[in-house]
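Data first, discussion second: the structure below is written as structure tokens.
Sequence lines set the chain letters: A, B, ... in the order given, protein chains first and strands last, and positions in each chain run from 1. Please read all numbers here as calculations on a predicted model, not as lab measurements.
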There are 2 protein chains.
Amino acid sequence: MQKISPSTAIDHLPHLAYDSVIFGFSGTQLKILIMEYHNTNIFALPGGFVLKNENLNDAVRRGLKERTGLDNIHLEQFYTFGDADRNNAEPMRTILVKNGLSPEKYHWMLERFISVAYYALINYKDVVPQPDALSDSCRWYPVNALPPLMMDHALIVEKALQTLRDNLDRKLARGNLLPPKFTMKELQQAYEAILGTSLLRTTFQRRMLSLNLLERHEKQYSGGAHKAPYLYSFIRFEAS
Amino acid sequence: MQKISPSTAIDHLPHLAYDSVIFGFSGTQLKILIMEYHNTNIFALPGGFVLKNENLNDAVRRGLKERTGLDNIHLEQFYTFGDADRNNAEPMRTILVKNGLSPEKYHWMLERFISVAYYALINYKDVVPQPDALSDSCRWYPVNALPPLMMDHALIVEKALQTLRDNLDRKLARGNLLPPKFTMKELQQAYEAILGTSLLRTTFQRRMLSLNLLERHEKQYSGGAHKAPYLYSFIRFEAS
DNA sequence: CTATTATTGTCACGAATTGAGACAATAGGA
DNA sequence: TCCTATTGTCTCAATTCGTGACAATAATAG
């Protein structure tokens, strides 16, 4: 949730929110940005609301920019969660109270919300996560060690992962999960972290090269006592 | 759009709608249900609104039931369209006027709508399309010969097709595009209509059989002067 | 300077899958 | 009984994939 003021209710479309599953990759781990609300032990995906005259996609881009400082990120919408009972008013009431806001004045926040979910693949190192008005932290958590999430956010993460997993080739190539240049090993580790399986090195390398999505650059001398790997980058095609 | 009354505005979530791309298959053609509004020459996808306490998915199911009489149909949500300018008030105003409804009273229908889009694969023969209060026809049109559609509905159809095309195997097996029993040729024609390409008969047959999704039944004696084909049906797995 | 070691890029070979045609087995009609 | 259109299956080559082998390093240790 983004900056909140009493006017938020009238500036924004009612009953509509978005949530974002922001993936990052560090070492061998796939991570997600998770927010924690002040003094509540309540964890949630970063989300926000849509201005009355704003494109839905722009609203999410705006939120992501506030959260990560990053612009021009490839966002992919993957599902809209619309069960009537997905909003449990209790945690939100707690969040308001602990933030010194009156649940009466902010009653609109306790109502039902339909949430459009997006995911983004961003470069872990480029980001300094920014908590927002209601939350005191916005941190990376490994996907397989998430804190308990409020409402249906665990389900949203699960669906994001499922979506990401199929046609992963194209998705990784468009996102920014890896730095601009990376080794084949790093690429393989990213695949393995996302798919949750281990892959055969030689087969993987052959398949990646045959996709014609990679450009080969100079070698990377890591200081290790072994052959230096090539660096690769994705060949970027026009925005479709 | 479904039944409309002055109370619709307060019974439903504001600014939220759904649209459905209902696919049917007849002969060799893939078709879609399209509505035409009374005396307007305005064509649109069947859609509707969501009750304040209704699950989004249930709202769509309800609309589909009204439109086709069919229950228990596999619906798949595929995208939410949220551009601020996707709603052009003019056609909707025309529709209201031509239906003898005052644009002032029904002003909420002219506002911005976010629309969650679903597709369904249903058996052409099971359906007697039902127009709703505002429309005078609800008819099948071949996907490649659609009338000009209002707003961004052509885009919605395009995206539905794109979505349907990948992982078509699983999707066809879950939907009801074909009758309960069908020949291999009918199955191939459905694939070809959806993918827009022609497929090799022998390769297709081998691939289909190797998927272990089909059960073989008795032969169909069509009256034609040639070998009778087997009938097949999809093996239905538990709902996931 | 040479031997050692961990890694990486590539190749080789059999297994599995796919493309494309051949062919036998019908179900009627002539 | 023969003919024809269609269907089910097989074959063979082409391609892709799983798997291991192997040579080419980039330091480090002796």
Distance-only donor-acceptor test (3.5 Å): side chain A/Arg201, base D/dG20: no
Ring-face cation of A/Arg216 near A/Tyr230 (centre distance under 6.0 Å, axis angle within 45°): yes
Nucleic acid contacts - residues 203-217 of chain B versus DNA chain D, non-hydrogen atoms under 4.0 Å: B/Gln205, B/Arg206, B/Arg216
Rounded interatomic separation in angstrom, taking CG from B/Leu231 and C1' from D/dT7: 13 Å
Could you go over nucleotides 3-5 of chain D and give all protein N or O partners under 3.5 Å, atom names and distances?
unit_1 : atom_1 : unit_2   : atom_2 : d
D/dT4  : O2     : B/Ala225 : O      : 3.2
D/dA5  : N3     : B/Ala225 : O      : 3.4

A/Arg139/A/Glu36 salt bridge by N-O under 4.0 Å criterion: no
Candidates A/Leu45, A/Val21, A/Leu56 - the one meeting side-chain contact (heavy atoms from CB on, under 4.5 Å) with A/Tyr118: A/Leu56
Contact residues, residues 179-186 of chain A to DNA chain D [heavy atom, < 4.0 Å]: none
Backbone N/O of B/Asp166 and side chain of B/Lys171: donor-acceptor pair under 3.5 Å: yes
Backbone of A/Arg86 reached by a side-chain donor or acceptor of A/Asp152 within 3.5 Å: no
Position toward the 5' end of DNA chain C (nearest nucleotide), B/Ser222 or B/Leu200: B/Leu200
Enclosure of A/Asn72 CG (heavy-atom neighbours >12, cutoff 6.0 Å): no
Intermediate values then yes/no, side-chain contact (heavy atoms from CB on, under 4.5 Å), B/Phe23 and B/Leu33: CA-CA 7 Å; B/Phe23 289 106; B/Leu33 272 187; over 6 Å; no
Sidechain N-carboxylate O distance under 4.0 Å for B/Lys181, B/Glu218: yes
Stepwise side chain to side chain donor-acceptor pair (under 3.5 Å) check, B/Tyr119 with B/Asp19: CA-CA 9 Å; B/Tyr119 73 81; B/Asp19 286 299; over 6 Å; no
Check: B/Ser20 side chain, B/Ile22 main-chain N or O, donor-acceptor pair, under 3.5 Å: no
Spacing between A/Tyr230 atom OH and D/dT25 atom C1', to the nearest angstrom: 10 Å
